[in-house]
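Notes to accompany the following structure.
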Amino acid sequence: MTPAPAPTPVTRATNERGLPVRLPMAQLAPATVADRPVLRLGAVRDGALIGVLVGSLSAADPRLGHVDLIAVTPPERRQGVGGALLAEAESRLGALGAAEVLLAGNPPHYAWPGIDVRYTPAVCAAQRLGYRQDRTAWNMTADLSEGSVALRRTEAAERRLAGRGVTVRRATPDDLPALAAFARSTFGGTWDGELAGSVGRPDAGVHLAERDGEILGFAAYGSARPSWFGPMGTAPAAEGSGIGGVLLRRCLRDQAAAGIGAAQIGWVGPVPFYSNAAGARIERVFFLYRKAIKGA
């Protein structure tokens, strides 16, 4: 790890009164995660840390820089500190080759999906600083109490699948290479790390469906924390077969058996599927933003 650079004054941002903000901006801990540069910035006033920003480059497209998290202490908010952190991050990510900066999580390692829609000041700040809304991410919650929709039995559905030659079982570490290859080839993205964090670990697991040794779908839980469900995916040719609902409820049943009262389903794609299959409800919503870096 290289030494942290000397604090750099930042003067590009202005506070709510239009006055320039001059804060020492220091990189707290240069590092890489999975060969991906990680930016950790801190804003300091009178020797005290008053704001932090974590950023990184996309592993899939290094032209995309991500702000994985930004936070300012409550007494210092609305004073331009967040804007100063973002301006410095844009500069440093641009120097690393980024042409755009996203206020959005950079899977598989991120602290937020985007800006929680309830955080009105952050939404206003993003728009004021030139970011445009790109996408919306939903988190859902499934009730795992006894008798809930999420815990409906799956034996009858599994027998119907078996009649069509489909086997449903718990994955083992030996399955991980095939699972990762299936996820990459079918869905792209960065689910490999989450699968590796679920297979064979305490308070975590993966269930899969296969026919003649060919994986047709999987569902995982516990990669980030025991109450976390996902990722899951079914091969396009097997959609509508009931595989997804079976795999989902097998995972949720494991979580309930471990004493978890509610499962968190993050960054949901098919909201109706989770609502119908597990009685899940939308609980948190995030706006994702992006901005082209000038001159990049």
### Task
Sequence neighbours left out, what passes salt bridge (Lys or Arg N to Asp or Glu O under 4.0 Å) with Glu90? Give chain and number order.
Lys291
### Summary
Contacts satisfying ring-ring contact (aromatic ring centres under 6.0 Å, His included) that involve residues 112-132 (not counting sequence neighbours) are none
### Message
Test question: given the 4.5 Å side-chain rule for I, L, V, M, F, W and Y, name all other residues clustered with Leu64, or answer none.
### Response
Leu102
### Query
Salt bridge between Arg159 and Glu155, side-chain N to carboxylate O under 4.0 Å?
no
### Query
Sequence neighbours excluded, which residues qualify as salt bridge (Lys or Arg N to Asp or Glu O under 4.0 Å) partners of Arg160?
none
### Task
Please say which of His207, Arg153, Arg152 ends up in a side chain to side chain contact (heavy atoms under 4.5 Å, CB included) with Arg249.
Arg152
### Task
Run the salt-bridge test on Arg63 and Glu100 with the 4.0 Å N-O cut-off and return the result as yes or no.
no
### Those residues that, when tested against Arg135, pass salt bridge (Lys or Arg N to Asp or Glu O under 4.0 Å) (two or more places apart)
none
### Pairs involving residues 227-257, ordered by first then second residue, that meet ring-ring contact (aromatic ring centres under 6.0 Å, His included) (sequence neighbours left out)
none
### Task
Would you please name every residue forming a salt bridge (Lys or Arg N to Asp or Glu O under 4.0 Å) with Arg132, sequence neighbours left out?
none
Give the table of side-chain donor-acceptor pairs shorter than 3.5 Å for residues 233-247, with sequence neighbours excluded, one pair per line with atom names and distance.
| unit_1 | atom_1 | unit_2 | atom_2 | d |
| --- | --- | --- | --- | --- |
| Ser241 | OG | Ala238 | O | 2.6 |
| Ser241 | OG | Ile243 | N | 3.4 |

### Message
Tell me which pairs pass ring-ring contact (aromatic ring centres under 6.0 Å, His included) where either residue lies in residues 245-286, with sequence neighbours left out.
### Response
Tyr110-Trp267
For residues 170-184, dump all side-chain donor-acceptor pairs below 3.5 Å to protein atoms at least two apart in sequence or in another chain.
| unit_1 | atom_1 | unit_2 | atom_2 | d |
| --- | --- | --- | --- | --- |
| Arg170 | NH1 | Asp254 | OD2 | 3.0 |
| Arg170 | NH2 | Asp254 | OD1 | 3.3 |
| Arg170 | NH2 | Asp254 | OD2 | 3.0 |
| Thr172 | OG1 | Asp174 | N | 3.3 |
| Thr172 | OG1 | Asp175 | OD2 | 3.3 |
| Asp175 | OD1 | Arg169 | NH2 | 2.9 |
| Asp175 | OD2 | Arg169 | NH1 | 2.8 |
| Asp175 | OD2 | Thr172 | N | 2.8 |
| Arg184 | NH1 | Asp192 | OD2 | 2.3 |

### Query
Around atom CG of Asp61, are there more than 12 heavy atoms of other residues, nucleotides or ligands at under 6.0 Å?
yes
### Task
Sequence neighbours left out, what passes side-chain hydrogen bond (donor to acceptor under 3.5 Å, both in side chains) with Glu146? Give chain and number order.
none
### Query
Between CD1 of Ile50 and CD of Glu76, what distance do you get to the nearest 0.5 Å?
4.0 Å
### Residues in side-chain hydrogen bond (donor to acceptor under 3.5 Å, both in side chains) contact with Asp143, at least two apart in sequence or another chain
Ser145
### Query
Would you call the rings of Trp191 and Phe187 parallel, tilted or perpendicular if under 30° counts as parallel and over 60° as perpendicular?
tilted
